[in-house]
Amino acid sequence: MISSLRLTRFKSHELTQLSFSKGTNLLIGPMGAGKSSVMDAICFALYGTFPALKSHKITLDEVITARPVKQNDAKVQLNFAYNGGNYLVERSIKDGAVEAYFHRDSKLLEGPNTTKVTGEVERLLGVDYDLFTRAIYSEQNKLDYFITMGKGERKKILDELLGIDRFEQARSSAGTLVSRLRDAKKEAAAFLDASDEKNVLEQSACLSKDVAQLTSQIASFDKSFSQLSAQSTQLLEKKSLLEKKSAAHSNLEKKLASATSVLESLKSQASQIQLQAAQVAQTVSKQGLAEQKKSVEQKITQLRYAQTALAEYLAKKTLLERELEALNKAIGQYSHLAGKAKPDLASKKTALREEEKQFTQKESLAKSLEEKIRQAKLSSAKLILLQKDEEGILQKLELTAAQLSKFDGVGQKKDAVKDLLSSLKEREKQINDSITHLSSDTTLCPVCSTALTDEHKARIGGEKKDALGKIAGEKQLLESQLSQLAAQLEQKTFLDAAKTALEQKLAVIAEKKPLFAAVEPVHVLEKQFSDEKIILSTAEKHKAELLASLESDERLSSELVKLQSIEEQKQKLAGQLHYLGEKPSFDQKTLDELSEKQIQLSKASEFFAIQEKIEEVTLGRNSVERELASLSFNKTDLENATAQYHSAEKQLVAVSGEKKSASALLADKSTSLEKLAVKQKTIEEKKRQFSALEKKIESVLVFQNCLLETQAQLRTDLCTAVNQAMSTIWPTIYPYGDFTSLKLTPSATDYSLELLAGKEWTPIEQASGGEKTCASLALRIAFAMVLTPSLSWIVLDEPTHNLDAQAVNRLIRMLHLDLPSIIGQIFIITHDEQLKEGASGKLYKVERDKDSFEKSVVEELAL
């Protein structure tokens, strides 16, 4: 049993707390008050969604209260008792996400994962969301959901609701499995037909014989190859030894030839220089030659230093003489200035600076006067323009004041028209409410509570509509007047703003006029400027004369400075020439004689070195000759050994090739034999598979038939249970005697709902709207009793749709007395005030002013 529900910022409910009890709990109120939101909250608390959210008619964010102010989060808390335990499920929405918690007796069972909480609720109740919304929770205007569906759709939905769809799915899957098994059986049969098992066995025997023969041949080849390999190794060692001796013999011969060649070359060199060095070699020993050669080299070095010093002395002297000659010429050029007096440059520069200072002051005064003249002319022109602007603004102000006088009292007129229009709209709303009340099934006058006939209702309705027509004409006239007054008020506002702007402009002009009036006259300033220009011209001429005189004196002073510098340079060069010193001494003949003697000594040294090299090479050649004589090498032995080794290698290659061919043939035949073995194994496997498939097909066909029979029996059994429940409920719900019973009948393609009239069953499609509503209500209650007996809940939204007064009275009796004895807890949502009498548990009134976006207000009423 659901004991309480708390809604926080959920849709139109800011904070709503409701408690429920056994029996019929009823929520009554006008459309849009927030009644259905209570049932949506119960569904959301249990399963994390409800029909409008599940079908995306609204988003999760739209569940949170948005009027009059958008809120940030929403929360639902549902308390219920089940199987001796007290449970609390909470779900909150924030930032597009949902958190959920599930408690039993204040102990947390699951959370905050919303999916896990939903799974725990479904496991506990044994009812998922789909079963809850089809068997327990009837949405608004969907009481006749099962009756209005099409044929195929009704069978599908009812099978899902009754749980029979699982057998249909299993039977369909079994049919698919049979088709696949038959295809596999055909494939196995085709494979066996295409396979020649006898031929495979014959080929296998033949290949096995060939493999044995080839294996024996390869063993023989291995033995021959081993013998030839040993023989080839011995011959290779003998050949290698002889090749080493041949290499050593060849190397010694090359050394002997090289030594002989070097010896002959040295003897030739010795004979060529023997004549040149013979005289020195005869008079000087080898040791004395080195000492004499060193002495000569030292003397040559000293003479070359003296030769270099002489060359540097002559070059420096020549350069100084040339520079001195050039300075003498320059002194001659500047000698004409020697008699002139040095000018007084300092006094002339001081006079020029003073003159420039006075000139700058006069020039600045002239520029200042010129700027004053320009400003005086500009101020005079601006003053004239300001006076003209002032005259124009005064004219515009007079015109604006005249126009404003036409709009006096417009604001008061507009407020009066708005009050009249508001009064007409309120009256129009009252008349429309009366017409709506008259068009409903009510039989009492809303004013005096007297009985109303159809003729009376039609007459009153006509009068109300005529009154509405008059009000519409008056509203149109007032709205036109309101529009005109609004335009006039807008024009008046514009003129007020224009007047204020003009007055501000006048104030600005009044502030500026004194500034432009107090300026010195232009003709006085122009006379002062003319006098200053004459003074400035005279000062400029005098400054130019001083500048020219100063430049002439500076040129003369510069020439005198240059002459003095040249004379100083001449004295410096003369001193350098005086201190140059005496000319160094040098004897070229002595240098030439010593150079010749140095050459002779070098040749004698070279002769002695060649003699030593000849002796060294002769000793080496004699050693090589002795080594060749001791080496015993015969070229014929090497040729014979090489021929024997190559012959053995050819035989080895031939045996290896034959073995390779035999091995390749063996591998091919072995592979073919393996393939035949695999093929034989596949044939045996296909035989076993074919036999197994036949057995499986037979078993699945039997299973499919069992499912079909079970499905039909389940439909019959479930419909029987539903029909038994409806036979109990129908007399309580339907207040007339023309239809005495109701039944749900299954067929291969659909479910049919029929009413019993006398002894004949009539399809529900031929019944009236009220009869269909009673049938839908009975079917709904029966589904809840049969499919969710452990919960014993049912939710009905606007169940009086299409019911007449007698059926409504019967429904009230059933809700109050009969249904609570069948269903543990009933929730009714309605706008029909008559159903108040049907409440046996809790009664709530739900109200909300939709025009002002107020929150839903829930009030518990006394039973």
Side-chain angles (χ1 to χ4, degrees), residues 47 54-55 115-116 118-119 122-123 126-135 146 149-204 671-722 744-752 783 786-787:
Y47 300 103
K54 184 81 170 177
S55 61
T115 303
K116 291 182 179 179
T118 301
E122 290 177 345
R123 184 196 62 76
V127 177
D128 61 10
Y129 170 78
D130 288 336
L131 183 57
F132 182 84
T133 53
R134 289 171 184 162
F146 297 112
M149 284 189 293
K151 261 191 173 184
E153 185 184 7
R154 179 161 53 197
K155 179 179 182 298
K156 177 178 179 296
I157 297 299
L158 284 177
D159 275 356
E160 289 176 1
L161 179 64
L162 300 173
I164 300 172
D165 61 313
R166 300 173 187 174
F167 292 90
E168 181 63 28
Q169 291 169 4
R171 192 171 68 84
S172 176
S173 299
T176 304
L177 179 59
V178 168
S179 298
R180 291 179 181 174
L181 291 172
R182 284 173 175 167
D183 290 342
K185 179 183 173 185
K186 288 179 183 178
E187 182 184 345
F191 178 82
L192 291 172
D193 291 341
S195 302
D196 190 350
E197 188 177 5
K198 183 179 179 181
N199 186 35
V200 169
L201 293 173
E202 290 175 354
Q203 288 180 16
S204 296
T671 302
S672 299
L673 188 61
E674 289 173 359
K675 288 180 179 178
L676 286 172
V678 170
K679 190 171 183 180
Q680 180 62 30
K681 186 177 180 181
T682 305
I683 290 170
E684 293 297 329
E685 180 63 29
K686 285 292 182 182
K687 284 181 179 179
R688 289 192 295 272
Q689 184 180 357
F690 184 83
S691 177
L693 286 170
E694 285 184 328
K695 292 178 181 179
K696 284 182 180 179
I697 290 169
E698 185 178 353
S699 299
V700 174
L701 288 173
V702 171
F703 175 69
Q704 195 175 25
N705 290 331
C706 290
L707 284 174
L708 188 62
E709 292 176 6
T710 303
Q711 188 178 11
Q713 186 61 44
L714 276 173
R715 280 199 186 98
T716 302
D717 292 346
L718 286 169
C719 286
T720 299
V722 170
L744 181 68
T745 306
S747 66
T749 58
D750 195 10
Y751 286 88
S752 60
F783 279 156
V786 173
L787 299 176

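Numbers for residues simply follow the sequence, beginning at 1. On a predicted model such as this, the values are computed, not experimentally measured, just so you know.
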Nearest-0.5 Å distance that lies between atom [atom1] in [X] and atom [atom2] in [Y]:
X    : Y    : atom1 : atom2 : value
T720 : Q713 : OG1   : CD    : 8.0 Å
S691 : K185 : OG    : NZ    : 10.0 Å
K696 : Q689 : NZ    : CD    : 8.0 Å
E122 : D130 : CD    : CG    : 9.0 Å
E709 : N705 : CD    : CG    : 6.5 Å
L701 : I697 : CG    : CD1   : 7.5 Å

Minimal non-hydrogen separation, C719 against L744, with atom names: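 Smallest interatomic distance, heavy atoms only, reads CB-O, 3.5 Å.
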Enclosure of E187 CD (heavy-atom neighbours >12, cutoff 6.0 Å):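 Not buried by this count: 12 neighbours or fewer within 6.0 Å.
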Y47/V127 under side-chain contact (heavy atoms from CB on, under 4.5 Å): CA gap, chis, key distance, verdict: CA-CA 10 Å; Y47 300 103; V127 177; 3.7 Å; yes
Residues E685, R688; criterion salt bridge (charged side-chain N to carboxylate O under 4.0 Å, His left out); working and verdict: CA-CA 5 Å; E685 180 63 29; R688 289 192 295 272; 2.6 Å; yes
